[in-house]
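We count ligands from 1, going down the list as the structure has it; atoms in each ligand are counted the same way.
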Amino acid sequence: MSPDQAPVIALAGVRKTYDTGAIAVEALRGVDIRIEHGEYVAVIGPSGSGKSTLMHILGCLDVPTEGHYELAGRDVSDLDEVDLAGIRNAEIGFVFQQFNLLPDMTAVRNVALPLVYAGIGAAEREQRARRALERVGLADRGDHRPGELSGGQQQRVAVARALVTEPSLILADEPTGNLDSRSSADVLGLFRELHETGRTLVLITHDQEVADAADRVLSIYDGAIRDDRRNAVGVRA
Ligand code: ADP
Ligand code: MG
């Protein structure tokens, strides 16, 4: 199968054990997940169920103890830190609960940062960052610093940063966790728009309302996927 036809995410028999000395914690206990291009998927589970562990593996921030992970057709189960960093930058756009914007940089410079690591020249970086900001409805805020923006706007900047490299996957970890209900709805509306333009999105959340915004919901419980269902049309806000 060529990489073009491969699913964006294929996890097979993934286990993750944290060995903390006295006792080993099995945070993932045999996870199989397949996500195709253009899918909009939420992963929901209670605290301690393994969401962050799964997010770290999906995001190439960590590797499984056992099992395999293919990202966009490439086996990334056993890569070293340098190769993982390269894959992360090329294939994945991250959105975090805490926005993770650099406070001393303007929105444009924050959005352009992944392009610095990708070795793209300054003029093209600026142009692409401004285009990404336009895409999230913040064309007029490019020269503002994060502290001059609302929480919802800061998360939009973070989404622009996640988009700017045109990644195979946008991976969001509790993206509305720090937002009021109006800004949450706003950011979820933006995710829906991105989905409609063909992006592959995975949202990790403990919040049922956030999960309801996706097309497909995987429920994780005690380190295993317990349910995989499609949201009915009309559930979404
Ligand atoms: P969630 O994000 O759903 O709250 P986590 O993936 O953070 O779940 O944690 C799953 C399990 O793994 C929990 O029992 C947690 O205590 C344990 N765990 C997570 N990270 C570590 C770690 N670095 N060392 C040891 N145990 C960990
Ligand atoms: Mg967590």
Regarding [X] and [Y], is there a side-chain donor-to-acceptor distance under 3.5 Å anywhere?
X	Y	value
Gln97	Asp173	no
Thr205	Asp207	no
Tyr117	Thr165	no
Ser183	Asp180	yes

| Given the protein's heavy atoms, is any one of them under 4.0 Å from atom 27 (C) of ligand 1? |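 There is a protein heavy atom less than 4.0 Å from atom 27 (C) of ligand 1.
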| task | Flag atom 24 (N) of ligand 1 as yes if some protein heavy-atom distance to it falls below 4.0 Å, otherwise no. | result |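 So far as the 4.0 Å threshold goes, atom 24 (N) of ligand 1 is in reach of a protein heavy atom.
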| said: Show me which atoms of ligand 1 lie under 4.0 Å from any heavy atom of Pro46. | reply: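 Selected atoms, number and element: 3 (O).
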| Residue Ala27 vicinity, atoms of ligand 1 by number, heavy atom under 4.0 Å |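 Under 4.0 Å from Ala27, ligand 1 has these atoms: 10 (C), 11 (C), 12 (O).
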Using only atom types and a distance under 3.5 Å, with no angle test, would you say the side chain of [X] pairs donor to acceptor with the backbone of [Y]?
X	Y	result
His56	Ser52	yes
Asn231	Ala211	yes
Tyr69	Leu58	yes

Protein heavy atom at shortest distance from [atom]:
atom	answer
atom 14 (O) of ligand 1	Val25 CG1, 3.9 Å
atom 6 (O) of ligand 1	Thr53 OG1, 2.6 Å
atom 19 (C) of ligand 1	Tyr18 CE1, 3.4 Å
atom 7 (O) of ligand 1	Ser52 CB, 3.6 Å
atom 8 (O) of ligand 1	Gly50 N, 3.1 Å

| message | Would Arg34 and Glu70 count as a salt bridge (charged side-chain N to carboxylate O under 4.0 Å, His left out) here? Give the steps. | response | CA-CA 10 Å; Arg34 205 183 150 95; Glu70 283 185 22; over 6 Å; no
| task | Please work out which of Gly21, Gly45, Gly48, Ser47 has its closest non-hydrogen atom nearest to atom 11 (C) of ligand 1. | result |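 Shortest heavy-atom distance from atom 11 (C) of ligand 1: Gly48.
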| message | Would you say Val164 ends up clustered with Ile92 if hydrophobic residues are merged whenever their side chains have heavy atoms under 4.5 Å apart, either directly or through other cluster members? | response |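 No, no single cluster joins them.
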| Can you check salt bridge (charged side-chain N to carboxylate O under 4.0 Å, His left out) on Asp104 and Arg145, steps first, answer last? | CA-CA 7 Å; Asp104 296 331; Arg145 287 184 169 70; 5.4 Å; no
| task | Have a look at ligand 1 and work out which part of Thr20, if any, has a heavy atom under 4.0 Å from it: side chain, backbone, both or neither. | result |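 Side chain only; the backbone of Thr20 stays clear of ligand 1.
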| Heteroatom count (protein N, O or S) under 2.8 Å of the Mg ion (ligand 2) |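 Considering protein N, O and S only, the Mg ion (ligand 2) has 1 within range.
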| said: Test side-chain hydrogen bond (donor to acceptor under 3.5 Å, both in side chains) on Glu91 and Ser168; report intermediate values, then the result. | reply: CA-CA 5 Å; Glu91 303 287 354; Ser168 307; 2.4 Å; yes
